[in-house]
**Student:** 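Can you read through this structure? Questions will come right after.
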Amino acid sequence: MGGNLISQASAESTAETQKEVAKSQGVDASPTIKAVPGTPDGVLMMQAQALFGKLPATMPGSEQDTPAMIALGEMLYFEEGISINKTQSCNSCHPIDNKGTGVDNLKTGKGALGKFGDRNDPPTMNAGFQFAQFWDGRAATLADQAQGPPLNPIEMGMPNGEAVAERLKDIAHYPADFQNAFPDETDPVTFDNFAKAVAAFERTLITRGRIDSFMDGDKQALTAQEMEGMRTFINVGCVQCHSGPNLGGMTFQKIGVFHKYPNDKDPGRFKVTKLESDKYVFKVPMLRNITLSAPYFHDGGVGNLAEAVDQMGYLQLNKKLQDVEINNILRFLTTLADAERTTASPLEVKGSSAAWVPPLMEDIPQGKEGDLIRYGALLVADTYAQLGHGAKDKKMRFSGNGLNCTSCHQDNGTKQFGLPWMGVSQMYPQYRGREDKVAGLEERINGCFERSLNGKAMAVDSKEMKAMVAYINWLSKDLPKDVYGLVTPKFEGPNRKADVKKGEEVYTRFCMSCHGADGNGYQSMSAGGSGSHVAPALWGANSYNNGAGMNRLLTNASFIHSNMPLGTVWNHPAITNEDTYDVAAYLSSKQRPQMSGLEKDYPKLEKKAADCPYPPYADDFSQEQHQYGPFQPIKAAKKKK
């Protein structure tokens with residue numbers, strides 16, 4: 001994810017709104033480190049350089065590696081012949097093809113014979129920068145580690161190293177390849193040389209993200225919110241363990257310093273040292289690419305990153321982090337993702353080249369008008385607590401799930417192509433085919449409450465409605481009508497039926513780290529069961545209902561492509577068009593709350609969108625095709641009428 005993900009002004013506006021939300025949660029969101037005048041945060045940069053340092057250009061030991069060793073190691077990394085039934089390679093559990101980061105996204109590793117181990121598979125990317133390998137640190141080097149899985153009875157199941165070498169000798173090209181890599185040896189096809197070659201290749205697996213540009217002095221590489229996340233990461237104490245260029249991988253630590261970790265079956269490093277003091281001690285994992293490597297912890301016991309952050313705060317630091325703190329840390333962690341693996345082609349957009357400059361919260365006027373705008377900003381950012389089940393006054397409960405308005409409208413409605421509210425006021429009143437009438441902004445907001453928030457409409461003359469409209473009007477002022485950045489870019493999708501199974505794979509790789517394997521997102525411990533989800537639910541009871549716009553495949557795909565995973569910006573997308581299409585279909589296939597009366601939508605059926613997943617329709621195409629595509633034939637038939 002290259003470039004500045006949201007404008008500095010947008011990030012600052014978001015940070016100001018977060019402070020208001022934080023006040024309502026009882027947490028001080030003020031920075032403890034002040035920015036040096038004239039820089040985004042010069043003090044923070046110096047502190048980060050001291051705590052994290054720069055990632056070296058090469059890994060330790062690479063000075064002895066030759067191109068022939070590296071080439072051989074790459075072939076061996078993908079070689080399935082080293083497993084007992086010739087079905088599994090290093091890449092099976094640590095995939096690096098298809099933009100993988102060396103993790104299989106499974107709770108624990110699955111072996112060649114279908115058995116599962118008892119530990120989560122750690123990533124191979126950047127592994128050589130660590131001071132030891134495996135969760136318990138039993139291997140000192142990459143070469144030592146490479147010899148473990150082939151002989152592990154649960155993993156690859158080979159009887160001994162000699163058997164691995166014999167397998168390789170029987171594969172035609174390997175004797176010559178080993179001879180090229182180890183020219184001074186008379187019998188180079190050995191298990192030790194296998195490990196040396198694999199290690200040489202793994203020493204080339206280095207990833208770099210936007211944090212590296214920041215560490216190199218690019219003060220614009222991170223947004224204000226991401227820098228606030230770095231500050232939070234440092235100040236709450238995460239950096240006590242997660243320091244150095246990999247933000248971890250350099251120390252051992254007991255899991256459960258202040259509170260016991262629920263799963264006590266694995267004694268950790270105790271298995272290696274037999275020291276009582278090493279019970280439940282594990283190597284601190286590195287955090288590079290952490291947003292792409294769910295599930296988490298040594299046992300894969302935590303399915304999403306928000307929960308992992310929350311659990312670490314409680315178990316290791318004796319702190320129940322507030323939602324704003326967790327969200328800030330998540331924003332920072334996105335900067336650790338490899339730029340190459342999180343870059344795809346942007347969608348084409350049309351509009352004027354006018355600058356996208358969100359207003360700053362500090363510029364809201366004082367007095368009643370300003371108070372109303374600030375109240376509106378609070379309502380959309382903390383909807384669940386103010387207007388949902390978290391509201392103390394039951395009469396104020398209008399939303400019916402765990403979402404906030406800003407779950408969809410990114411960065412408090414200021415993000416370009418992130419369903420912004422900037423410019424929305426100029427678009428209303430407008431004709432909407434779903435209701436077949438011209439409606440104002442108030443009716444549009446109520447539509448969101450009834451569908452996206454799975455709740456009920458509020459009085460259009462209520463203080464809360466007036467406040468939300470006031471906030472949107474304030475964001476919209478002075479913005480040209482044709483500036484590009486409004487709504488989301490148009491997404492056509494490939495001319496085929498979406499592949500739900502492929503979409504599940506994409507979800508696992510890019511989305512599961514925030515929203516979990518069950519799609520329910522995460523509600524923090526500090527919320528105590530009564531707060532909104534810091535990571536929103538994408539299906540299930542806490543998500544939007546089947547009548548929401550996000551339940552339409554093309555609508556959702558456009559949003560995903562321009563905004564997800566967390567921190568993505570429209571002109572530096574992370575997921576390809578094809579993958580976006582499929583993952584949107586996967587989300588559409590999931591169970592969610594059902595809205596009654598949808599058959600009354602679109603009184604003029606010819607106005608119904610091609611990707612509307614619920615009947616009736618004005619054409620003869622099936623409901624399945626309207627839900628999963630291909631949509632091009634539907635649109636073409638509509639044009640002929």
**Student:** Where is the tightest heavy-atom contact between S425 and L441, given as atom of each residue plus distance?
**Tutor:** OG-CD2, 4.4 Å
**Student:** Can Q426 and S476 be said to form a side chain to side chain contact (heavy atoms under 4.5 Å, CB included), step by step?
**Tutor:** CA-CA 7 Å; Q426 289 91 317; S476 298; 3.2 Å; yes
**Student:** Determine, step by step, whether F449 and K456 satisfy the side chain to side chain contact (heavy atoms under 4.5 Å, CB included) criterion, reporting the C-alpha distance in whole Å, the side-chain angles of both residues, the deciding distance to 0.1 Å, and the verdict.
**Tutor:** CA-CA 6 Å; F449 269 85; K456 61 184 180 181; over 6 Å; no
**Student:** Under the side chain to side chain donor-acceptor pair (under 3.5 Å) rule, collect the residues that match up with E492, sequence neighbours excluded.
**Tutor:** K490, K635
**Student:** Side chain to side chain donor-acceptor pair (under 3.5 Å) between D104 and S92: does it pass, once the steps are laid out?
**Tutor:** CA-CA 7 Å; D104 56 11; S92 299; over 6 Å; no
**Student:** Answer yes or no: is there a side-chain heavy-atom contact under 4.5 Å between Q225 and N328?
**Tutor:** yes
**Student:** How far apart are the closest heavy atoms of V380 and N404, and which atoms are they?
**Tutor:** O-CB, 3.9 Å
**Student:** Given side chain to side chain donor-acceptor pair (under 3.5 Å), test N556 with S588 step by step and report yes or no.
**Tutor:** CA-CA 9 Å; N556 202 352; S588 181; over 6 Å; no
**Student:** I need the minimum non-hydrogen distance between S399 and G388, along with the two atoms involved.
**Tutor:** OG-CA, 3.1 Å
**Student:** So, S543 side chain and L538 main chain: donor-acceptor pair closer than 3.5 Å or not?
**Tutor:** yes
**Student:** Determine whether a donor-acceptor pair (N or O, by modelled atom type, separation under 3.5 Å) exists between the side chain of D338 and the backbone of R208.
**Tutor:** yes
**Student:** Ignoring hydrogens and geometry, is there a side-chain-to-backbone donor-acceptor pair from S558 to P489 under 3.5 Å?
**Tutor:** yes
**Student:** Is K501 salt-bridged to D582, going by a charged N under 4.0 Å from an acidic O?
**Tutor:** no
**Student:** Is there side-chain contact between H533 and Y384, with heavy atoms separated by less than 4.5 Å?
**Tutor:** no
**Student:** Any heavy-atom pair between the side chains of K99 and D579 that's under 4.5 Å?
**Tutor:** no
**Student:** Say whether, by atom type as modelled, one donor and one acceptor occur between the side chain of R592 and the main chain of L587 under 3.5 angstrom.
**Tutor:** yes
**Student:** Which residues pass the salt bridge (charged side-chain N to carboxylate O under 4.0 Å, His left out) test with R451, not counting sequence neighbours?
**Tutor:** D601
**Student:** N454 and side-chain hydrogen bond (donor to acceptor under 3.5 Å, both in side chains): which single residue from N545, N546, N401 fits?
**Tutor:** N545
**Student:** Spell out, as yes or no, whether a donor-acceptor pair under 3.5 Å connects the side chain of R210 to the backbone of A339.
**Tutor:** no
**Student:** Could you check whether any side-chain heavy atom of L403 comes within less than 4.5 Å of a side-chain heavy atom of S452, counting everything from C-beta outward?
**Tutor:** no
**Student:** Give the C-alpha distance, both sets of side-chain angles, the deciding distance and a yes or no for side chain to side chain contact (heavy atoms under 4.5 Å, CB included) between N542 and N520.
**Tutor:** CA-CA 7 Å; N542 283 309; N520 197 37; 3.5 Å; yes
**Student:** For Y614, is there any backbone N or O sitting under 3.5 Å from a side-chain donor or acceptor partner on Y617?
**Tutor:** yes
**Student:** Keeping the roles fixed (side chain from N304, backbone from E307), state whether a donor-acceptor pair exists under 3.5 Å.
**Tutor:** yes
**Student:** Between H626 (side chain) and A610 (backbone), is there a donor-acceptor pair under 3.5 Å?
**Tutor:** yes
**Student:** Restricting to non-hydrogen atoms, name the atom on L598 and the atom on G547 that form the minimum distance, rounded to 0.1 Å.
**Tutor:** CD2-CA, 3.8 Å
**Student:** Just to verify, what does F332 make a ring-ring contact (aromatic ring centres under 6.0 Å, His included) with, not counting sequence neighbours?
**Tutor:** F233
**Student:** Just wondering, do M468 and M458 contact through their side chains at under 4.5 Å, heavy atoms?
**Tutor:** yes
**Student:** At what distance, to the nearest 0.5 angstrom, does CD of E443 lie from CD of Q430?
**Tutor:** 11.0 Å
**Student:** Quick one: side-chain contact (heavy atoms from CB on, under 4.5 Å) partners of E74, sequence neighbours excluded?
**Tutor:** F78, F201
**Student:** Using modelled atom types only, decide if a donor and an acceptor are shared between the side chain of N563 and the backbone of F417 within a distance under 3.5 Å.
**Tutor:** yes
**Student:** Using side chain to side chain donor-acceptor pair (under 3.5 Å) as the criterion, list what pairs up with E464, not counting sequence neighbours.
**Tutor:** Y375
**Student:** Out of L292, T124, T207, I290, which residue meets the side-chain contact (heavy atoms from CB on, under 4.5 Å) rule with T101?
**Tutor:** L292
**Student:** Indicate yes or no: at least one non-hydrogen side-chain atom of Y296 is less than 4.5 angstrom from one of N120.
**Tutor:** no
**Student:** Can you tell me how far CD of E578 sits from CZ of R496, rounded to the nearest 0.5 angstrom?
**Tutor:** 4.5 Å
**Student:** Do you see a donor-acceptor pair shorter than 3.5 Å between the side chains of S407 and Y544?
**Tutor:** no
**Student:** Can you tell me how far apart CG (L372) and NZ (K466) are? Round to the nearest 0.5 Å.
**Tutor:** 8.5 Å
**Student:** Could you check if a side-chain atom of Q627 sits within less than 4.5 angstrom of a side-chain atom of L553, using non-hydrogen atoms only?
**Tutor:** no
**Student:** Determine whether a donor-acceptor pair (N or O, by modelled atom type, separation under 3.5 Å) exists between the side chain of S513 and the backbone of T291.
**Tutor:** yes
**Student:** Kindly check if the number of other-residue, nucleotide or ligand heavy atoms within 6.0 Å of CD (Q591) is above 12?
**Tutor:** no
**Student:** Could you report the tightest heavy-atom contact between P573 and S345, atom names first, then the distance?
**Tutor:** CG-O, 3.4 Å
**Student:** I need the minimum non-hydrogen distance between K608 and K638, along with the two atoms involved.
**Tutor:** O-NZ, 3.1 Å
**Student:** Say you draw a straight line from CZ of F559 to CZ of R552; how long is it, rounded to the nearest 0.5 Å?
**Tutor:** 15.0 Å
**Student:** Flag the pair D411 and R331 as a salt bridge only when some basic side-chain nitrogen lies within less than 4.0 angstrom of an acidic carboxylate oxygen.
**Tutor:** yes
**Student:** Flag this pair as yes if the NZ/CZ of K107 is under 6.0 angstrom from the six-membered ring centre of F116 and inside a 45 degree cone about the axis; otherwise no.
**Tutor:** no
**Student:** Step by step, would you call Y581 with L554 a side chain to side chain contact (heavy atoms under 4.5 Å, CB included)?
**Tutor:** CA-CA 7 Å; Y581 186 65; L554 296 179; 4.2 Å; yes
**Student:** Could you check if a side-chain atom of M512 sits within less than 4.5 angstrom of a side-chain atom of E504, using non-hydrogen atoms only?
**Tutor:** no
**Student:** For H561 and N577, what are the C-alpha separation, side-chain angles and deciding distance, and is it a side chain to side chain donor-acceptor pair (under 3.5 Å)?
**Tutor:** CA-CA 7 Å; H561 191 268; N577 283 17; 2.8 Å; yes
**Student:** Nearest 0.5 angstrom please: N327 CG to L566 CG, how far?
**Tutor:** 6.5 Å
**Student:** In Å, rounded to the nearest 0.5 Å, how long is the span from CG of L605 to CD of E599?
**Tutor:** 11.5 Å
**Student:** Taking ring-ring contact (aromatic ring centres under 6.0 Å, His included) as the definition, give me every residue that meets it alongside Y586, ordered by chain and number, with sequence neighbours left out.
**Tutor:** Y507, W539
**Student:** Go through the steps for R288 and D212 under the test salt bridge (Lys or Arg N to Asp or Glu O under 4.0 Å), then give the verdict.
**Tutor:** CA-CA 11 Å; R288 282 187 178 267; D212 297 292; 2.8 Å; yes
